[in-house]
Amino acid sequence: MTELWMTYGPGFTRGALFVSGFFVLALWAASIALRDSSIVDIFWGLGCAALAWIFYVSSPGAEPRATLTLVLATAWGVRLGAYIAIRNRGAEDRRYARLRKHVVDQGRSYVLYSLRTVFVFQ
């Protein structure tokens, strides 16, 4: 187990920090400007693909199975992101709109609520 972590741990850690630091905070800021929290769903699959790429590039001596996994993870992430983007084109997903209304009706700030409950948990 220690050898496995020594080989793959640093890549996984860098990938997780990149995804949490860039995707979460940048998407949250964009969602505030757009008033659309559902953009996080579009980029969720792409974030998984980005993690696969970071893991692949930072791993020593990628073998054919790793390349196949990278291709499949990338295809899945792009397909999922495109599907959700097409489905939500032009409007916030109704579930997030309902959540926004519920939070605002309670007199709370949706901006901070969305960071804590929507974006960080993604």
Side-chain angles (χ1 to χ4, degrees):
M1 187 68 159
T2 302
E3 182 181 324
L4 187 64
W5 179 255
M6 294 301 291
T7 303
Y8 298 111
F12 179 77
T13 302
R14 282 191 297 272
L17 290 174
F18 171 76
V19 168
S20 65
F22 175 73
F23 278 110
V24 171
L25 294 177
L27 288 173
W28 176 66
S31 78
I32 294 167
L34 297 171
R35 292 190 45 86
D36 184 357
S37 293
S38 61
I39 63 172
V40 73
D41 292 338
I42 296 167
F43 289 96
W44 192 84
L46 298 174
C48 290
L51 263 177
W53 276 93
I54 291 167
F55 192 72
Y56 182 82
V57 169
S58 62
S59 297
E63 55 189 59
R65 281 187 310 192
T67 304
L68 177 62
T69 303
L70 174 68
V71 169
L72 292 173
T74 302
W76 172 81
V78 169
R79 184 211 58 85
L80 180 63
Y83 170 76
I84 294 173
I86 291 167
R87 185 185 73 186
N88 293 349
R89 186 179 40 229
E92 184 174 43
D93 185 300
R94 59 182 160 73
R95 296 169 295 172
Y96 291 110
R98 201 169 45 239
L99 178 64
R100 179 186 304 272
K101 182 179 179 337
H102 176 72
V103 170
V104 170
D105 286 349
Q106 291 181 343
R108 299 187 315 189
S109 168
Y110 184 74
V111 171
L112 296 176
Y113 183 86
S114 68
L115 174 63
R116 206 173 47 247
T117 60
V118 175
F119 288 86
V120 169
F121 285 122
Q122 289 279 355

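- Taken to the nearest 0.5 Å, the NZ atom of Lys101 stands 11.0 Å off from the CD atom of Gln106.
- Annotation: side chain of Thr117 is not in contact with side chain of Val103 (no heavy-atom distance under 4.5 Å).
- Screening Ile84, Leu27, Val24, Leu80 for a side chain to side chain contact (heavy atoms under 4.5 Å, CB included) with Phe43, the sole residue that qualifies is Leu27.
- The CG atom of Leu99 lies 8.5 Å from the OG atom of Ser114; values are rounded to the nearest 0.5 Å.
- Listed by chain and number, the hydrophobic cluster partners of Leu68 are Leu72, where partners are ILVMFWY side chains within reach of under 4.5 Å, directly or through others.
- Between Ala91 and Ser38, the closest heavy-atom pair is O-OG, 4.2 Å.
- Partners of Asp36 according to the salt bridge (Lys or Arg N to Asp or Glu O under 4.0 Å) rule, which considers only residues two or more places apart in sequence or in another chain, do not exist here.
- Within the 4.5 Å cutoff, no side-chain heavy atoms of Arg100 are placed close to those of Asp105.
- Relative orientation of the Tyr113 and Tyr110 rings is tilted, given thresholds of 30° and 60° on the angle between their planes.
- Atom CZ of Arg87 sits in a crowded spot, with more than 12 heavy atoms from other residues, nucleotides or ligands closer than 6.0 Å.
- Note on Val71: it does not cluster hydrophobically with Leu51, by side-chain heavy-atom contacts below 4.5 Å among ILVMFWY residues.
- Atoms OH and CD1, on Tyr96 and Ile39 in that order, are 10.5 Å from each other to the nearest 0.5 Å.
- Rounding to the nearest 0.5 angstrom, the gap separating the CD atom in Glu63 from the OG1 atom in Thr69 is 8.5 Å.
- The backbone N or O of Ser37 sits nowhere less than 3.5 Å from a side-chain atom of Ser31 that would complete a donor-acceptor pair.
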When you look at Trp28 and Val111, which way does the side chain to side chain contact (heavy atoms under 4.5 Å, CB included) test go after all the steps?
-> CA-CA 9 Å; Trp28 176 66; Val111 171; 3.6 Å; yes
Kindly determine whether Thr67 and Tyr56 satisfy side chain to side chain donor-acceptor pair (under 3.5 Å), including the steps that lead there.
-> CA-CA 8 Å; Thr67 304; Tyr56 182 82; 2.9 Å; yes
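- Dense packing is recorded around CH2 of Trp76, with more than 12 heavy atoms of other residues, nucleotides or ligands lying under 6.0 Å away.
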